[in-house]
Colleague: 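This is the structure I want to talk about, given as structure tokens.
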Amino acid sequence: MTSAPPPTSVPWPEAANYPPPEPSAQPAPQATVEPLFPPVPLPATGPKGPSSWADRLRTLPARAWRGHPDDPRWARPALLGLLAATAALYFWNLTASGWANSFYSAAVQAGSQSWKAMFYGSSDAANFITVDKPPMSLWPMALSVRLFGLGTGSVLAPQVLMGVATVGTVYATVRRRFSALGGLVAGGALALTPVAALMFRFNNPDALLVLLLTLAAYGLVRATETASTRWLLFTGVMFGFGFLTKTLQAFLVLPAFAVIYLVVAPTGPARRFRQVLYAGLAMVLSAGWWVAIVELVPASARPYIGGSQDNDFLSVTFGYNGFGRITGDETGSVGGGGGGRGGGQGGGMWGSTGLTRLFDGDIGGQIAWLMPAALILLVVGLWATRRYGRTDSARTAFLVWGSWLLCTGLTFSFMSGIFHQYYTVALAPAVAALVGMGVDGLWRARRRLPYAALLAGTVAVTAIWGYVLLGRSSTFLPWLRWAVLLGGLGAAAALLLAGRLAGALAGRVAAVAGLAALAAGLGGPAAYAVQTVSTAHTGSIVTAGPRVEGSTGFGPGGGRGGFPAGGRAGGLPGGGFPGGTQNGTQNGGRAGGQNGFPGGGFPGDGFPGGTQNGAEARTGRGGMGGMGGGMGGLLDGARVSSEMAALLKQDAGSYTWVAAAVGSQNQASYQLATGEPVMALGGFNGTDPSLSLAAFQQYVKDGKIHYFIGGGGMGGGRGGGMGGSSDSSEITAWVEANFTAQTVGSTTVYDLTASK
């Protein structure tokens, strides 16, 4: 038997099922104390505002400024201000990162020149090989370049807009059930998360993935309000698009979302089950159309599928980009099919695994500032709504965001394959939403001592944890850690005191304490976010915030400055890879020596910076030098001198590819510098069997490739125990034996039209 809805609500199917108020003889003051998550009516459905389109357009500015009729008048201006501030923060200094990840920038350039390359996500306009991800994240950038021309701004601006849209979506999702204050806290917390400030200004697929998953959460919340098939189909489509962005990572929260709908939707079990099946079909169709085309088109008519060992998108989906990330068995990758070799505590080359992984080292500074608070408030929210009805919207919201946080966080904590610090941006919306919802409830009920204590305790824990995280970068604003600690503890004490005061004084003390608590909780991540947008970030592995003592700047849990997780120089036999610089390549820096390749690294000037026009960047000493970017061009692009670019451009129209280079990062730098197609032999790592020696020889004979660029990639097979193909190594050996090497700038190049 369903109890009656609260007097202030409107009737709707199985409305919240809140227990009816029990008869009580308690005095009036006790009855007026607001509960933690009071029942609310459903947001209005149907068209909003005037009925005619002309009147809607005429009144749109006023309605957009006013917002929800029940909101205080400051709420919508505050939201618009938050979105404007987020855009200003993320756009500021945007061009400093040059091509950012040149691997994706080269694919964007190719897509702006060739619709076929754009569709498949090819690394070059001649469609030799694709990037190792589906192409959806490249499409907005390629369209931007087609509209505004190739440049840093046109490549990265779509990512910034995705960040602003994600902040707005988190606000809208939280506001569906909670107050405008809770939505603003959630949106602000997301905008100031350091890894969000990094990845919404970078051209990796993660920005679009996070936006799509946030839209999926919004769709699920809307669907559970009225058992809406339309909104559940929307959720399925967002998951399908997420798959076309970063394959199986998009599905980490999918099972939990499906179970939540099956349990809480306000309709019968049979209809719930049918709706979930419809949503699954929508997901399959929205992702499967592209997969079907790629699988059905003959291999000779499309580019090679990068990251695969058999030119099959499904194998790279479930292997290299799928379960291999969990087990560490990624044939042809940096981890090389070893099941997580060499490292600590089950983490292989990518750091220790376990429940504390996301809080340790420099990973904590990316995402973990508010994570203790989010976990506390998740428990509070579920406990406070434990007796509410099956369809209660507050508990549903906590289940949606809590399942996102736990499913994704636990996967990241225990995966043994390739793991980078910036992956944690996928947790940012869930952390922010849980904080916003929990703060909204505790703030409303702060006059009750248990809830005031919970609010004060959460503030204190957040301040102490912020002090710990800031202490890992002790030279970065050393005064800030003490301000966060003392300010947070003082705010916690004041919140407890305010609940015991009466009248206007209590309100004033609570308001000041609340502002101080927000400043303390967001002070650390805000400082890291500002430092992040003030710093150039290039290459394949980037981190937010200042350098953390003891971290490698390359991968989590590393050794003294080399490759992640272990060994005196990074965990690979013989000393591993160069390290010691922030983000692997950020702003040059010192590399090599005892922390680099055996014997102090290769001669030259260290890591290149990857500037917009391919020019030489500031470098340190003792790094990779003549080979180009980090790890021989594997992690960052090569230095391309003006002489080298001019050489490649000579008679470029006579060749399909002006050059061939091993490894996509190496290839990308020369392609971006010349604007002409460059062949990426072996894909990202140089280990894909994308072209055999015999086929390469035929291309050379047919005059399709002008130059071969030495260095780059990992060689595969015999080249380093990574597994994968040795074709690139065999091609390199053949070129070196049959063509004359010449040095242009710091690059070794071979003219394939003139054999020895």
Side-chain angles (χ1 to χ4, degrees), residues 2-45 67-75 170-186 221-222 224-226 260 264 266 373-374 376-402 433-456 458 495 498-499 506-507 510-511 514:
T2 303
S3 57
T8 57
S9 67
V10 296
W12 53 289
E14 296 191 42
N17 280 349
Y18 291 96
E22 298 179 0
S24 174
Q26 295 293 328
Q30 181 67 25
T32 60
V33 174
E34 190 147 20
L36 192 58
F37 301 109
V40 296
L42 270 179
T45 59
H68 195 284
D70 295 335
D71 281 345
R73 300 196 68 87
W74 53 262
V170 166
Y171 170 88
T173 311
V174 172
R175 179 63 189 89
R176 293 293 300 180
R177 173 56 178 81
F178 303 88
S179 71
L181 174 64
L184 290 170
V185 170
V221 168
R222 292 292 301 265
T224 56
E225 291 174 353
T226 57
I260 290 170
V264 308
I376 292 171
L377 294 172
L378 171 61
V379 173
V380 170
L382 294 177
W383 177 260
T385 59
R386 68 192 184 282
R387 292 196 177 98
Y388 289 3
R390 174 177 64 83
T391 61
D392 176 64
S393 56
R395 184 174 57 219
T396 297
F398 279 104
L399 289 173
V400 169
W401 294 111
L434 288 169
V435 169
M437 296 187 305
V439 166
D440 178 76
L442 291 178
W443 178 258
R444 183 186 295 107
R446 67 187 182 278
R447 289 182 178 85
R448 299 176 63 180
L449 181 59
Y451 295 143
L454 279 172
L455 180 60
T458 303
L495 287 170

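As the structure is a prediction and not an experimental result, all values here were calculated from the model.
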Colleague: To the nearest 0.5 Å, what is the distance between OG on S393 and CZ on F178?
Modeller: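 Spacing of OG (S393) from CZ (F178) equals 7.0 Å.
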Colleague: Mind running side-chain contact (heavy atoms from CB on, under 4.5 Å) on V264 and T391 for me, showing each step along the way?
Modeller: CA-CA 5 Å; V264 308; T391 61; 5.5 Å; no
Colleague: With R175, which residues qualify under salt bridge (Lys or Arg N to Asp or Glu O under 4.0 Å), at least two apart?
Modeller: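 Here the qualifying residues are D71.
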Colleague: So M437 and R177, side-chain contact (heavy atoms from CB on, under 4.5 Å) or not? Walk me through it.
Modeller: CA-CA 9 Å; M437 296 187 305; R177 173 56 178 81; over 6 Å; no
Colleague: Test of understanding: with side chain to side chain donor-acceptor pair (under 3.5 Å), list the residues that count as partners of S179, not counting sequence neighbours.
Modeller: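 Testing S179 for side chain to side chain donor-acceptor pair (under 3.5 Å), a comparison that skips the adjacent residues, returns D440.
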Colleague: Would the number of heavy atoms belonging to other residues, nucleotides or ligands and lying under 6.0 Å from CH2 of W74 be above 12?
Modeller: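 Counting other residues, nucleotides and ligands, CH2 of W74 exceeds 12 neighbours.
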Colleague: For a ring-ring contact (aromatic ring centres under 6.0 Å, His included) check, start with the C-alpha distance between F37 and F398, then their side-chain angles and the critical distance, and finish with the verdict.
Modeller: CA-CA 11 Å; F37 301 109; F398 279 104; 5.3 Å; yes
Colleague: Any chance CZ of R73 has more than 12 other-residue heavy atoms, nucleotides or ligands included, within less than 6.0 Å?
Modeller: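 No, CZ of R73 has 12 or fewer neighbouring heavy atoms, counting only those of other groups under 6.0 Å.
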Colleague: Just to verify, what does A374 make a side-chain contact (heavy atoms from CB on, under 4.5 Å) with, not counting sequence neighbours?
Modeller: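 Checked A374 against side-chain contact (heavy atoms from CB on, under 4.5 Å); matches are L405, V431, L434, V435.
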Colleague: Measure the CG-CZ distance between D392 and R386 for me, rounded to the nearest 0.5 Å.
Modeller: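 These two atoms lie 13.0 Å from each other.
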Colleague: Restricting to side-chain contact (heavy atoms from CB on, under 4.5 Å), what partner residues turn up for I376, sequence neighbours left out?
Modeller: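 I376: side-chain contact (heavy atoms from CB on, under 4.5 Å) contacts with V380, T458, V461.
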Colleague: Can you sort out the partners of A172 under side-chain contact (heavy atoms from CB on, under 4.5 Å), two or more places apart, ordered by chain and number?
Modeller: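 For A172, the residues satisfying side-chain contact (heavy atoms from CB on, under 4.5 Å) (neighbours in sequence not counted) are Y218.
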Colleague: Mind listing the closest non-hydrogen atom pair of A506 and A498 along with its distance?
Modeller: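 The answer is CB-O, 3.6 Å.
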Colleague: Listed by chain and number, what are the side chain to side chain donor-acceptor pair (under 3.5 Å) partners of R395, not counting sequence neighbours?
Modeller: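 Residues passing side chain to side chain donor-acceptor pair (under 3.5 Å) with R395: none at all.
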Colleague: Would L36 and L442 count as a side-chain contact (heavy atoms from CB on, under 4.5 Å) if you check the C-alpha gap in whole Å, the side-chain angles of each, and the deciding distance to 0.1 Å?
Modeller: CA-CA 6 Å; L36 192 58; L442 291 178; 3.6 Å; yes
